[in-house]
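Report on one structure; see the data block that follows.
In what follows, every chain begins at residue 1, and chains take the letters A, B, ... in the order their sequences are listed. In this text, all values refer to a predicted model and were calculated from it rather than measured experimentally.
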Number of protein chains: 2
Amino acid sequence: MTVLSKSCIYGVQAAIYLASLPKSEYVSIQEVAGKLNISFHFLTKVLQILTQAGIMISYRGPNGGIALARPSSSVSLADIIGAIDGTEVFTECLLGLPGCGHADPCPAHEQWTSMRNRLYHICKTTTLEELATKASELNVRLAAHPLVQHFTPKE
Amino acid sequence: MTVLSKSCIYGVQAAIYLASLPKSEYVSIQEVAGKLNISFHFLTKVLQILTQAGIMISYRGPNGGIALARPSSSVSLADIIGAIDGTEVFTECLLGLPGCGHADPCPAHEQWTSMRNRLYHICKTTTLEELATKASELNVRLAAHPLVQHFTPKE
DNA sequence: AACATTTAATACTAAAGAGTACGAAATACG
DNA sequence: CGTATTTCGTACTCTTTAGTATTAAATGTT
């Protein structure tokens with residue numbers, strides 16, 4: 001059991017990748033998938049979700065692709081997680097009890113609520129800009145396998 | 001995507017239920033499943049895991065059942081989660097990157113590590129005794145559906 | 001207008017999680 | 001010894017998530 005689904009992880013990775021690019025032009029999903037070592041088709045589906053959510057914009061045809069719809073400083077981790085996995089992680093009871101809340105708490109309510117709120121706070125205040133800066137500053141890894149390779153100008 | 005699997009949630013609920021009983025005798029899985037509104041067969045499989053992990057002990061035959069192997073004050077939430085879902089939640093990178101760590105961090109490493117450590121700390125220091133006490137003190141709910149009913153002496 | 005490129009949409013396959021069923025093994029009790 | 005009770009082990013089904021494939025729609029270029 002993981003906190004984020006695979007779809008969500010891919011979405012976050014792609015978003016960070018876009019945010020880390022110098023210019024904000026359309027980048028083909030193929031390029032992103034290649035750099036991040038993700039299945040192109042699968043990533044396409046994930047990015048469609050982010051596009052529909054208004055987090056990214058897409059453009060079809062030659063030189064088309066996807067791009068962040070807003071400046072990376074105004075997109076939070078929580079935005080992306082919310083769009084793909086939903087807000088469940090930030091709101092649900094640890095034990096999955098439907099009506100768990102202040103009025104009718106489960107035995108783990110207090111501990112978990114404080115936890116969850118902190119998680120939400122961190123995700124809400126962490127922006128793509130911040131993550132992208134770290135990624136490039138520290139030469140930090142983004143992709144699973146070999147590492148993000150050098151940018152090869154698209155042709 | 002949830003933090004804990006259904007199996008794990010059921011395991012935790014059952015453990016709290018056992019801990020909340022006055023005496024620590026063998027309780028049939030059927031009784032536990034009934035009180036907690038969980039499928040008997042499914043709960044059986046989950047509790048087998050906890051038995052194999054040494055957290056519970058079982059006894060077959062008439063008047064058999066399961067019981068906590070140790071006093072409820074020495075069983076932590078983390079023990080149960082670890083046995084059923086594994087320690088992944090407490091150790092894994094948010095973005096699921098294999099070698100993510102201090103030496104080779106992902107962009108979300110710092111934030112997530114502090115989060116995770118706190119989660120682990122809370123789960124490690126929260127005992128079944130504590131949870132069970134809350135459950136009975138506050139007349140707090142444990143099961144999803146109707147509510148834990150009154151104890152009906154087993155015969 | 002024709003063609004190449006790239007996302008959108010849909011459908012399909014594979015794997016994992018959740019839930020069900022049933023027979024085998026252990027044990028108490030008459 | 002036989003029978004009822006209760007966990008153990010295995011196998012099966014259903015649902016969700018992950019991943020693959022294919023066709024349609026949009027758009028720039030020649």
Side-chain angles (χ1 to χ4, degrees), chain A residues 1-11 13-14 18 25-34 36-69 81 84-86 88-89 95-96 144-145 154-155, chain B residues 1-14 18 25-34 36-69 81 84-86 88-89 96 144-145 154-155:
Chain A
M1 198 55 36
T2 53
V3 176
L4 304 182
S5 70
K6 272 293 184 71
S7 294
C8 191
I9 288 174
Y10 292 160
Q13 289 183 359
L18 290 180
E25 290 174 340
Y26 289 113
V27 178
S28 79
I29 298 179
Q30 198 133 36
E31 176 184 329
V32 180
L36 300 179
N37 235 59
I38 303 172
S39 147
F40 163 69
H41 290 293
F42 194 56
L43 184 60
T44 293
K45 288 204 302 191
V46 173
L47 296 186
Q48 273 176 36
I49 297 174
L50 291 180
T51 300
Q52 283 161 5
I55 293 174
M56 294 184 181
I57 41 177
S58 64
Y59 198 84
R60 298 187 192 183
N63 300 318
I66 51 163
L68 291 173
I81 295 174
I84 299 177
D85 275 352
E88 205 179 287
V89 199
L95 301 182
H145 259 185
K154 240 191 64 187
E155 205 281 320
Chain B
M1 199 56 37
T2 53
V3 176
L4 303 183
S5 70
K6 273 291 183 69
S7 296
C8 192
I9 288 174
Y10 293 159
V12 172
Q13 289 183 359
L18 290 181
E25 289 173 344
Y26 288 112
V27 178
S28 78
I29 298 179
Q30 198 133 37
E31 176 185 329
V32 180
L36 300 180
N37 236 60
I38 303 173
S39 149
F40 163 68
H41 290 292
F42 194 55
L43 185 59
T44 293
K45 289 204 301 189
V46 174
L47 296 186
Q48 273 175 36
I49 298 174
L50 291 180
T51 300
Q52 284 161 5
I55 292 174
M56 294 183 179
I57 42 177
S58 65
Y59 198 84
R60 298 186 191 182
N63 300 317
I66 51 162
L68 291 175
I81 294 173
I84 298 177
D85 275 351
E88 205 179 288
V89 199
H145 259 184
K154 239 190 64 187
E155 205 278 318

Of A:G61 and A:H41, the one whose nearest nucleotide on DNA chain C sits closer to the 5' end is A:G61

Gap between atoms CD1 and C1', on B:I84 and C:dA18 respectively (whole Å): 14 Å

What's the CG-P distance between A:D85 and D:dT16, to the nearest Å? 16 Å

Please tell me if B:S39 has a side-chain N or O lying less than 4.0 Å from either OP1 or OP2 of C:dT20. yes

Does the side chain of A:S7 come within less than 4.5 Å of A:F42's, by heavy atoms? yes

Rounded to whole Å, CZ of A:F40 lies from C1' of C:dT5 at a distance of 10 Å

Given side chains that start at C-beta, do those of B:L47 and B:Y10 come closer than 4.5 Å, heavy atoms only? no

Figure out the CD1/C1' separation between B:I9 and C:dG19, and round it to whole Å. 15 Å

When you compare the side chain of A:N63 with that of A:Y26, does any pair of heavy atoms fall below 4.5 Å? no

Nearest-angstrom distance from the residue atom NZ of B:K6 to C1' of C:dT20: 15 Å

With a cut-off of less than 4.0 Å, is there a side-chain N or O of B:Y10 near OP1 or OP2 of C:dA18? no

Does A:K45 put a side-chain nitrogen or oxygen below 4.0 Å from OP1 or OP2 of C:dA8? no

Grab the CG-C1' distance between B:N63 and D:dT7 for me, whole Å please. 14 Å

Among C:dA18, D:dG9, C:dA8, the nucleotide that comes nearest once only the side chain of A:T51 is considered: C:dA8

Of all the nucleotides listed (D:dG9, C:dA18, D:dA18), which has the minimum atom distance to the side chain of B:Q52? D:dG9

When all nucleic acid strands are considered with a 4.0 Å heavy-atom cut-off, which category describes B:L47: base, sugar-phosphate, or nothing? nothing

Distance col, row B:L43:CG vs B:L50:CG, nearest 0.5 angstrom, shows 9.0 Å

Specify the separation, in whole Å, of atom CD of B:Q48 and atom C1' of C:dA26. 14 Å

Strictly below 4.0 Å: does B:S58 bring a side-chain N or O up to OP1 or OP2 of D:dC8? yes

Counting side-chain heavy atoms from CB outward, which of C:dG19, D:dA18, C:dA8 is closest to A:R60? C:dA8

Starting the side chain at C-beta, find the nucleotide from D:dT5, C:dG19, D:dA18 nearest to B:F42. C:dG19

Looking at B:S5, is its backbone amide N or carbonyl O close enough to the side chain of B:D85 to form a donor-acceptor pair, meaning the two atoms are under 3.5 Å apart? yes

Report yes if at least one side-chain N or O of A:Y59 is closer than 4.0 Å to OP1 or OP2 of D:dG28; otherwise report no. yes

Whole Å only: how far is the CD1 atom of A:I49 from the C1' atom of D:dG19? 14 Å

